[in-house]
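Working notes for the structure below.
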Amino acid sequence: MFPDIRSVIEQRGTWGVSHTRVPTESRPGHVALIAGFYEDVSAVAKGWKENPVEFDSVFNESRHTWCWGSPDILPMFAKGASGDHVYTHTYPAQEEDFASTDASRLDSWVFNQVKSLFQSAKFNSSLKESLLEDKNVFFLHLLGIDTNGHAHRPMSQEYLENIALVDTGVAELVSVVEEFFGYDGRTAYVFTSDHGMTNWGSHGAGHPSETLTPLVVWGAGVQSAHRVTEAQPYNDVYLQGAELVLLADIAPLMASLIGVPIPVNSVGVLPLLYLNNSEQFKAESMYANAIQVLEQFKVQRHSALLLLIITLIISLCRSLISHALEGLVYYHTYDRFFLGCSVVLGFVGWTSYVVVVILKTHASLNRHPSLLKQVRVLCMCVTAAITVFLLIQRSPVTYYIYCLLPVPVWYSVLKESATLTDLIRSAPSLPLWKCFGYFLLVALGIELLVVSFFHRAMLTVGLAVLSLWPFLSGLYGKSKFRSVSWFLGCLCLAAFPLMPVVGREPNIHLVTCAGLLTLFTSACYLWSSGRRAPLHLSDKQQFVAQVTTVHVLSCMLHVAVCAYVPSLTHSSLQQKQGLPLLNQIISWTTLASSMLVPLLSSTRLFHRLLSIFLSLTATYLLLSTGSEALFPPVLSWLMFVWINIEQEAMLAQGVSGRQELSTIDFSANIDITKIRQLKLDDIRRSYFFVFFIITAFFGTGNIASINSFDPASVYCFLTVFNPFIMGGLMMWKVPYLNSYESWICTECSFSTCHFFFLVQDYGSWLDIGTSISHYVIVMSMTIFLMLLSVVTHIFTSQRLVLWRRTKMHFP
């Protein structure tokens with residue numbers, strides 16, 4: 001597959017395997033490769049293009065560096081260089097198109113530009129003089145293979161042809177370089193990759209196919225190949241027992257080969273096996289490597305730590321590097337426990353405050369005077385003590401926020417101490433065992449949700465348990481059809497968490513089936529609403545019914561079009577004809593209108609909900625590539641059944657008089673005096689609500705799909721690489737889905753405290769992004785629900801009237 005590179009391995013150079021540290025993405029991979037350290041994940045907030053903090057690199061340490069390749073990678077090394085000795089040459093960002101007819105042209109462009117540089121030097125004396133100097137670097141970023149891997153998957157014909165092009169291009173480039181320098185034998189070559197790729201064309205996680213990459217080094221100062229004649233045992237199980245070189249180790253290797261200092265931020269260890277030099281040179285290089293890492297340790301501590309006499313023994317230098325790196329980690333996480341305790345106190349205080357508000361508002365308790373003055377004095381003393389402590393420690397401003405924020409929260413709790421006192425005094429008259437049972441079930445349910453964030457199959461277990469609710473509560477005897485519908489809906493929805501999150505092949509036929517299922521559901525609604533309509537309607541009622549029918553039919557037509565667009569787009573991309581402009585216009589128009597179309601429908605309960613369902617499903621179909629397209633119809637079906645069966649449950653408890661659900665109007669004013677008090681069964685309802693929101697987020701693995709980058713879901717909208725727009729579209733793909741807000745806040749606070757201890761700052765984009773996403777989602781749940789309540793009110797009760805019917809006068 002690589003005949004020219006293989007000949008280098010067999011005859012001239014040294015080869016091995018480089019192990020890229022997760023996250024296996026382009027930016028962190030290149031930072032590790034060229035600067036020798038593993039960049040903080042905050043760089044993703046700048047689209048993998050800008051430097052959150054400028055850093056040193058091999059390019060910066062070189063005399064001159066010429067770079068060719070992607071505009072997403074090269075500029076960050078030029079911006080971080082001290083001086084103007086790093087020259088970057090990039091193609092337009094629009095060329096990074098996953099729908100390109102031939103992405104290998106990106107690599108051809110790079111090879112042609114390099115050849116043009118050396119050709120120009122023959123007629124440009126100043127350029128030739130610069131090229132002939134020592135300590136120069138030529139960096140070729142070959143993105144074509146990566147683009148073809150995403151677009152066509154590895155082992156495709158396009159991917160294999162791109163590999164052959166790179167192999168030939170490298171051989172021709174070596175010939176041009178050697179000819180220019182007169183075959184002086186003073187040029188070293190390093191051939192490697194920043195990451196690998198899975199069989200389904202994605203990277204970002206820690207699978208061996210993503211982390212293991214080839215490393216081939218040859219030329220000046222490099223060990224030559226040693227051929228063996230006897231047979232060698234070999235077992236290719238991800239190269240077990242092989243001497244792996246970490247990606248950050250390549251930066252010290254390149255620095256050593258061209259004779260420049262190792263980048264100051266590097267944490268790499270020089271791989272001596274690749275060097276062909278004297279033992280003294282190797283020992284001095286390892287000594288310099290050890291001093292360089294040790295200096296970072298000293299800087300992190302902000303004082304001189306050790307005055308050591310470091311011997312020239314290589315083994316001791318390796319040990320010193322290891323301990324210095326451990327010290328870096330120690331000081332980096334020095335305040336983590338202290339700040340974590342402050343955050344936990346804040347969560348516990350917030351949860352306690354919500355419980356107090358619930359008791360104060362919805363419990364008939366006797367009021368006693370509170371100890372407001374004493375509480376105020378206590379909180380002021382605590383605030384003063386914390387402030388003095390942080391001043392002594394010279395802590396940054398953010399520490400004050402973390403440590404002082406729990407004080408006003410606990411002040412709000414303690415000033416309501418009378419409510420807690422009243423609860424303790426009235427405890428003997430409460431149904432304690434029933435309360436305890438409810439809270440125990442909710443606590444177990446919350447833990448099930450926590451586990452489901454890491455093992456989605458637990459959502460299946462939860463849905464299977466919820467499916468039995470009508471039979472265990474006695475609702476089956478009062479409403480058999482709705483109970484069976486609930487049971488079947490839960491079981492159908494339970495199938496989605498068992499499906500793979502990443503790595504699934506696109507199946508556009510399932511997207512089309514989802515569109516047909518949506519149309520069938522809508523047609524059933526029109527038929528049933530027509531049967532329920534009275535035989536004799538007033539003129540106004542007839543007009544409303546006609547407008548509603550026309551609106552629903554137009555939405556159904558829109559869904560039919562959106563169900564066909566992904567199939568047409570997929571076919572066009574397979575034929576290498578690019579993204580059709582009409583498909584792109586339809587997709588963006590659908591996205592822009594998805595929040596406005598429902599406002600044109602009637603504000604009656606099921607009319608408005610059906611309009612919302614059709615509008616958002618149309619957008620979801622455009623962002624789907626397989627079985628996840630069936631998720632919104634099934635979820636919406638179950639939510640429809642839930643609305644109906646909850647009405648039966650409330651009627652069974654004698655909470656409200658019977659009202660036909662189809663007659664409920666979202667725009668009707670609510671009589672505040674008729675709002676009922678909360679009951680224990682509302683804890684169950686609030687838990688159901690949270691459970692279905694979590695299921696909507698993670699039922700199809702949307703968050704994992706975002707963190708493990710696969711652009712196939714957004715091909716109906718764009719094919720040119722743009723991380724922010726693509727990420728935003730994938731976030732929009734998260735499915736859609738009050739008097740229960742207090743209980744929901746309490747449940748979310750317990751979950752948030754749990755997830756706070758599970759956040760990690762190491763691992764792959766998938767691991768880091770998933771842990772942060774879990775914490776942020778649960779932490780934001782309370783705010784999200786409040787905003788959702790406001791948006792829902794607008795989305796359901798408001799109506800856009802584009803035309804008004806002319807008044808008619810009857811005799």
[X] side, atom [atom1]; [Y] side, atom [atom2] - distance, nearest 0.5 Å:
X: M595; Y: I612; atom1: CE; atom2: CD1; result: 8.5 Å
X: M556; Y: L519; atom1: CE; atom2: CG; result: 5.0 Å
X: S473; Y: R684; atom1: OG; atom2: CZ; result: 7.5 Å
X: T617; Y: L622; atom1: OG1; atom2: CG; result: 11.0 Å
X: L591; Y: C716; atom1: CG; atom2: SG; result: 12.0 Å
X: L468; Y: L463; atom1: CG; atom2: CG; result: 11.5 Å

Query - Name of the residue among L459, L466, T460, L638 meeting side-chain contact (heavy atoms from CB on, under 4.5 Å) with T695 - result: L459
Report summary line: Partner of T518 under side-chain contact (heavy atoms from CB on, under 4.5 Å), picked from P633, C513, C555, is P633
Heavy atoms only: give me the nearest [X]-[Y] pair and the separation to one decimal.
X: S467; Y: L491; result: OG-CD2, 4.2 Å
X: L614; Y: V552; result: CD1-O, 4.0 Å
X: L621; Y: A514; result: CD2-CB, 3.8 Å
X: A629; Y: L510; result: CB-O, 4.4 Å
X: P598; Y: S611; result: CA-OG, 3.1 Å
X: S615; Y: S594; result: OG-O, 2.7 Å

Requested in this report: Let me see the working for S479 and I645 under side-chain contact (heavy atoms from CB on, under 4.5 Å), right down to the final yes or no.
Outcome: CA-CA 8 Å; S479 180; I645 204 170; 5.6 Å; no
Query raised in the report: Do S567 side-chain atoms and A563 backbone N/O form a donor-acceptor pair below 3.5 Å?
Result: no
Query raised in the report: So, the side chain of W637 versus the backbone of P632: is there a donor-acceptor pair under 3.5 Å, distance only?
Result: no
Requested in this report: Taking the six-membered ring of Y476 (Phe, Tyr or Trp), confirm whether the NZ or CZ of K480 is under 6.0 Å from its centre and within 45° of its axis.
Outcome: yes
Query - Pair W642-F692, ring-ring contact (aromatic ring centres under 6.0 Å, His included): steps then yes or no - result: CA-CA 11 Å; W642 188 30; F692 284 125; 5.3 Å; yes
Requested in this report: For atom CZ of F520, decide whether the heavy atoms of other residues, nucleotides or ligands shown that lie under 6.0 angstrom number more than 12.
Outcome: no
Query - Residues E646 and R482 bridged, charged N to O under 4.0 Å - result: no
Report task. Could you tell me how the ring of F688 sits relative to the ring of W486: parallel (under 30°), tilted (30 to 60°) or perpendicular (over 60°)? Result -> parallel
Report task. Before giving the answer on side-chain contact (heavy atoms from CB on, under 4.5 Å), spell out for V714 and L623 the whole-Å C-alpha distance, their side-chain angles and the decisive distance to 0.1 Å. Result -> CA-CA 6 Å; V714 300; L623 292 166; 4.2 Å; yes
Requested in this report: Tell me whether the centres of the aromatic rings in Y620 and F631 are closer together than 6.0 Å.
Outcome: no
Heavy-atom side-chain proximity of [X] to [Y] below 4.5 angstrom:
X: S601; Y: H607; result: no
X: F640; Y: F613; result: no
X: C562; Y: T619; result: no
X: L609; Y: I643; result: yes

Requested in this report: Would you please test F496 and L635 for side-chain contact (heavy atoms from CB on, under 4.5 Å) and show each step?
Outcome: CA-CA 10 Å; F496 289 94; L635 179 64; over 6 Å; no
Requested in this report: Could you give me the CA-CA distance, side-chain angles and deciding distance for S627 and N507, then say whether side-chain contact (heavy atoms from CB on, under 4.5 Å) is met?
Outcome: CA-CA 7 Å; S627 59; N507 190 336; over 6 Å; no
